[in-house]
Amino acid sequence: MILGSGPQAPLTPTLDAQLASRIRLVCFDVDGVLTDGGVILGDAGGTRVELKRYDIQDGLGIKMLQQAGILIAIITGRESDSVALRAKELAVDEVVQDNQARKVQALRSILQRRGLEWPEVAFVGDDLPDLGVMRLVGLPVCVGNGSSEARRAAKVALQRTGGAGAVREFCELLLRARGEWDAQVERYVASREAEQ
Ligand SMILES: [Mg+2]
């Protein structure tokens, strides 16, 4: 047996502090990023039903970004009521569901409306529909199980996979690079105590 001949563990991603501190908007793809990419399709008395599964720890990571004053957007190329419900639950600032996956156009109009520039945006994606925006934003990020093209387009390749902690991993990575994570966690804990 030759020791050390097995597959290498992926390196822990690092993020430049200056790049991180420029980010004012974080945008997430849905299928394969906020979810594991699976959809459950059903028929409820003649009505088509589409369900997705979200990760609660991812949601709390997004809350930490919001608490730090970072805007949150969701852009998906697949329309569903599930996404609208999750976006409402998380109180995200911008939601675009475009079944033709015109993500560059969608993000450009958000930036114009919000007075933001491409270098101030991080985008977390997983596959080909995300490549256009990943090539434009200041901080393109890919989940651990993203396609090879998405991984190549990313400045940060996460270890966790879509729907299973990748979003939480990125939120913590971004806030740690800005030197804000510990303070935001304490602020969150204090806010929970205050409401009891
Ligand atoms: Mg996707």
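Note: hydrogens, waters and symmetry copies are ignored here, and every other heavy atom, side chains too, is used. Predicted model only: the values in this text are computed from it and were never measured. Both ligands and their constituent atoms are indexed starting at 1 by order of listing.
Between the side chain of Thr161 and the backbone N or O of Ala164 there is no donor-acceptor pair closer than 3.5 Å.
Around the Mg ion (ligand 1), the protein N, O or S atoms found under 2.8 Å comprise Asp29 OD2, Asp31 O, Asp126 OD1.
Under the rule for a salt bridge (charged side-chain N to carboxylate O under 4.0 Å, His left out), the partners of Asp130 that lie at least two apart in sequence or sit in another chain are Lys103. Arg152 meets the salt bridge (charged side-chain N to carboxylate O under 4.0 Å, His left out) test with no other residue; sequence neighbours excluded.
Hydrophobic side-chain contacts under 4.5 Å tie Leu128 into a cluster, directly or through other members, with Leu131.
The residues Asp36 and Lys52 are annotated as not salt-bridged, no charged nitrogen and carboxylate oxygen being separated by less than 4.0 angstrom.
Other residues, nucleotides and ligands contribute at most 12 non-hydrogen atoms within 6.0 Å of the CD atom of Glu117.
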